[in-house]
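This report concerns only the one structure given below.
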Amino acid sequence: QVTYNTLINGYCKVGNFSNAKRLIQLMRESGCAPDEWTYTALISGFSKFCMLEEASKVMDEMLGNGLNPNQVTYTALIDGHCKSGKLEIALSLMERMERYGCIPNLQTYNAIFNGFCKENRVSELEKLFNKMVEKGLKPNVISYTTWIDGLCRIGDTDSAFRVFNEMVKQQCLPNLHTYSALIHGLCQEGKAEEAEMMVKKIEEIGLNPDEVTYTSLIDGFVLLGQMDHALQLVKRMIDANCKPN
RNA sequence: UGUGCUAACAGAGG
């Protein structure tokens with residue numbers, strides 16, 4: 001059972017669903033019934049590849065077999081819907097989840113935050129964020145980074161930095177994703193110089209900017225028409241052992 | 001007797 005689930009999960013993760021189904025068949029033939037883990041692996045795989053109809057079908061099948069979807073199952077399906085821009089369905093799934101006595105956890109909220117973020121619905125993100133804190137869940141670096149990214153996307157880097165400061169005050173350590181979101185935001189606002197200073201700052205605290213960080217910064221100077229500096233940054237990127245992709 | 005081993009969330013360009 002665990003062995004089969006491990007293999008099935010491996011196939012689901014890479015989108016090889018025919019092999020996953022073949023293994024489920026084998027699993028059944030050897031006397032093991034698919035369990036929550038099996039269905040969750042399928043739902044998570046289908047969600048990841050934006051095959052939402054299939055994912056929902058598996059969810060129904062799971063319920064039909066008397067198995068209870070857990071927090072991981074719901075979160076996978078919710079995340080899939082968020083990533084496909086079906087935020088309203090994701091929200092109703094979260095309601096359904098709660099009605100069935102399955103409490104949304106931090107990952108569930110983070111998936112929804114990401115949905116709001118990508119749809120530029122940052123005020124709703126903030127509202128839910130506060131609601132989550134009221135419920136006693138502690139936001140982590142992913143929660144804050146998603147919020148910051150959302151604010152940057154709507155061009156409100158000032159608020160993004162306010163959230164950043166709040167995060168630090170709450171003893172939540174920003175990581176490279178957090179800084180990269182801010183750097184990207186600054187660059188898109190035409191503040192590539194500020195972004196570059198920020199890159200220097202993160203290097204000082206021992207973080208290594210990666211190709212995502214550099215590409216945002218390079219794009220920032222490209223937007224300003226400063227191609228010479230953009231090319232200089234590519235050189236610096238290579239010197240810093242970061243390969244352009 | 002032993003409940004261990006497997007699943008979900010964030011950043012760039014196009």
Side-chain angles (χ1 to χ4, degrees), chain A residues 1-13 20 23 27 32 34-48 55 58-59 62 67 69-83 90 93-94 97 102 104-118 125 128-129 132 137 139-153 160 163-164 167 172 174-188 192 195 198-199 202 207 209-223 230 233-234 237 242 244-245:
Chain A
Q1 44 305 94
V2 174
T3 319
Y4 280 112
N5 285 341
T6 303
L7 292 167
I8 290 164
N9 181 44
Y11 280 126
C12 289
K13 259 190 169 26
L23 270 171
M27 184 180 189
C32 287
D35 62 5
E36 289 87 348
W37 291 78
T38 323
Y39 285 103
T40 301
L42 281 168
I43 290 168
S44 148
F46 282 134
S47 292
K48 182 175 171 190
V58 173
M59 177 70 108
M62 181 178 185
L67 290 171
N70 57 28
Q71 293 171 317
V72 179
T73 323
Y74 277 111
T75 302
L77 193 59
I78 287 169
D79 181 50
H81 281 85
C82 287
K83 292 206 165 92
L93 277 167
M94 187 161 74
M97 171 180 187
C102 188
N105 62 16
L106 187 57
Q107 279 107 316
T108 319
Y109 281 100
N110 285 345
I112 301 269
F113 293 155
N114 186 40
F116 278 133
C117 165
K118 297 288 149 53
L125 189 161
L128 188 64
F129 194 101
M132 181 185 90
L137 283 176
N140 65 6
V141 58
I142 296 181
S143 324
Y144 282 111
T145 300
T146 307
W147 189 5
I148 287 169
D149 182 40
L151 288 165
C152 287
R153 276 171 195 277
V163 173
F164 178 84
M167 162 181 195
C172 182
N175 62 18
L176 190 57
H177 282 243
T178 321
Y179 289 108
S180 294
L182 285 165
I183 287 162
H184 179 234
L186 288 170
C187 287
Q188 293 297 310
M198 179 142 226
V199 170
I202 71 177
L207 283 175
D210 65 7
E211 66 278 13
V212 175
T213 323
Y214 277 112
T215 304
S216 293
L217 190 59
I218 290 166
D219 188 39
F221 284 100
V222 168
L223 287 171
L233 282 167
V234 177
M237 172 179 183
C242 182
N245 62 13

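By convention in this document, chain letters (A, B, ...) are assigned in the order of the sequence lines, proteins followed by strands, and residues within each chain are numbered from 1. Note that the coordinates shown come from a computational prediction; the quantities given were computed from them, not determined experimentally.
Within the nucleic acid shown, A/N5 comes within 4.0 Å of at least one base atom, counting heavy atoms only. Backbone-only engagement by A/T146 is indicated by non-hydrogen atom pairs under 4.0 Å involving sugar-phosphate atoms exclusively.
Atom OH of A/Y74 and atom P of B/rA8 are 18 Å apart (whole Å). Counting to the nearest Å, the P atom of B/rG13 and the CG atom of A/D210 are 14 Å from each other. Atom CG of A/L125 and atom C1' of B/rA10 are 11 Å apart (whole Å). To the nearest angstrom, C1' of B/rA8 lies 15 Å from CD of A/E36. Between the NZ atom of A/K48 and the P atom of B/rA10 there is a distance of 11 Å, given to the nearest Å.
Contact between the side-chain N/O atoms of A/K83 and the OP1/OP2 oxygens of B/rA10 is found at a separation under 4.0 Å. Distances shorter than 4.0 Å separate none of the side-chain N or O atoms of A/H177 from OP1 or OP2 on B/rC9. Look at A/K118 and you won't find any side-chain N or O under 4.0 angstrom from OP1 or OP2 of B/rC9. Applying the 4.0 Å criterion to OP1 and OP2 of B/rA8, one finds that A/K13 has a side-chain N or O inside that range. In this model, the phosphate group of B/rA10 is not approached by any side-chain N or O of A/R153 to a distance below 4.0 Å at OP1 or OP2.
Using a 3.5 Å distance cut-off with no hydrogens or angles, the side chains of A/N175 and A/T178 do pair a donor with an acceptor.
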